[in-house]
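Below is one structure, written out as structure tokens, with a few remarks after it.
So that the names make sense, note that chain A is the first sequence line, chain B the second, and so on, each numbered from 1. Every heavy atom of this structure was used, including side-chain atoms; hydrogens, water molecules and symmetry mates were not.
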Amino acid sequence: MAERSAEIVWLLLGGYLAVGLLVAGLTLLFGLRRLEPGASAMPLAVRLLIAPGLTALWPLVLARLMGLRAQEDRR
Amino acid sequence: MAHGYRLVQWTPFKKRYDLALLLGVVVFLGAYLVAGLAFTPPGDRPLPIQLALRAFGAAAFALLTLILLIGPLARLSPRFTPLLYNRRHLGVTCFGLALAHAGLVGLWYHGFSDLNPLVSLLASNPRYSSIQGFPFESLGLVALLILFVMAATSHDFWNNVLGPNMWKALHMLVYWAYGLVVVHVMLGAVQGEKSAVYAAVVGVGAGLVALVHVLVGAREARRDARADIAAADGWLRVGPPDEIADGRARIVTPPTGERIAVFRDGAAIHAISNVCRHQGGPLGEGRIVDGCVTCPWHGFQYRPQDGRSPAPFTERVAVYRTRIEDGVIFVHGEPVFGDEDVPPSVTAGAAT
């Protein structure tokens, strides 16, 4: 792999994770209860534990949050 | 079960399990380092950091092999089932070992380059069209990313958010990770070894994983092909009650839908979905504890009469109607999801 290609791969991965971190932070602060009602009283340590997953799976998390929002709007 | 989240739902068993895991890892790493120093001629002896990065890589491979063996072994013999109870900690530990391996590789082989070490990792060997000189590091990197996603989503929170099916599908990526790791080792560490021991150990490990999966797959296929459809109108023949041990189940396969676990609890016959809502564990391989069907994998419980987990838990699986005719149990293949209990069939003079 050429250096330029390698740089692009890492830039894409870094960008993905940067967006993921943002989504994870916002979800932990504002969206956790909507995402999983049972998590409303989740201790801080568990919130930190699930943060890497929120970062890695942010497209799924966003899709889920938007789907739930749409469901609530329909009601 | 989905009621209040904790960091780890510790039990005495889990503590012993994790202690054994920690000791196993320490012993493995120590043995690898000692053997690496003792059995390598002084001229060929690797530097401590090289030995350490290989030890972490070997430990991660060994643990991943063990993780993949546990599931099918538990299907073949209940003696292995306790190993399943805390398998997620094995997975997280495996990711930690792989990360340590990757970190030392990055430090030692790419940390002194003029290039950014991450760029160097992917660009220092551009022979992607060659097999023998293939840049095996990239395969390890992809496997590491998969292990990261699996470790990051191992908490029960993710099972509830994603749903059991998607969670399971995500975690089936472990097989891709394992395949990538095997090729990573074969094209990497094995190529630099004069001894065939490395290749043999990796080959035996991967072969064992393939073998137990084929054995279990064949057994499941035979079970599914068995004639469970012997009665009309959707009723499936299960067999005489005394063929089912008290508190245990026989699993039957309807023409469509999930397998059904038919339990005998004393004289009462219940039928419940065979698929646990938690991680798809085989409920029919569990037993009845305190009046509830208990999953052999992680202890999730369901009342056999309505498929609901006891309060305050909220999981629910399907239940099925049963009847006994001429001393033979029959179960209807259509699941029941109503609010009312499905009464058990009661055996006359049931075996105990």
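To the nearest 0.5 Å, the span separating OG1 on B/T153 from CD1 on A/I50 amounts to 11.5 Å. Atom OH of residue B/Y5 and atom CD of residue A/E36 lie 3.0 Å apart, to the nearest 0.5 angstrom. Here the CG-CE distance, from B/L7 to A/M42, works out to 10.0 Å after rounding to the nearest 0.5 Å.
Heavy atoms of A/A45 lying under 4.5 Å from chain B belong to its backbone as well as its side chain. With a threshold of 4.5 angstrom between heavy atoms, A/L48 does not approach chain B through any atom at all. Proximity to chain B is limited to the side chain of A/L60, based on heavy atoms less than 4.5 angstrom apart. Of the atoms belonging to A/L32, it is side-chain heavy atoms, and not backbone ones, that fall under 4.5 Å from chain B. When heavy atoms are compared at a cutoff of 4.5 Å, B/M166 approaches chain A solely by way of its side chain, counted from C-beta outward.
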Tell me, with the steps shown, if A/L35 and B/F157 meet side chain to side chain contact (heavy atoms under 4.5 Å, CB included). CA-CA 10 Å; A/L35 193 62; B/F157 167 84; 3.9 Å; yes
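Inter-residue side-chain proximity for A/W10 and B/L122 is flagged as met; some heavy-atom pair is nearer than 4.5 Å. Between B/L170 and A/L57, some side-chain heavy-atom pair lies under the 4.5 Å cut-off.
Your options are A/T55, A/L49, A/V61, and the one with the most heavy-atom pairs under 4.5 Å with chain B is A/L49. Of the listed residues (B/L162, B/L118, B/V149), the greatest number of heavy-atom pairs within a distance under 4.5 Å of chain A belongs to B/L118.
By the neighbour-count criterion of 12 heavy atoms within 6.0 Å, atom CG of B/D290 is sparsely surrounded, having that number or fewer from other residues, nucleotides or ligands.
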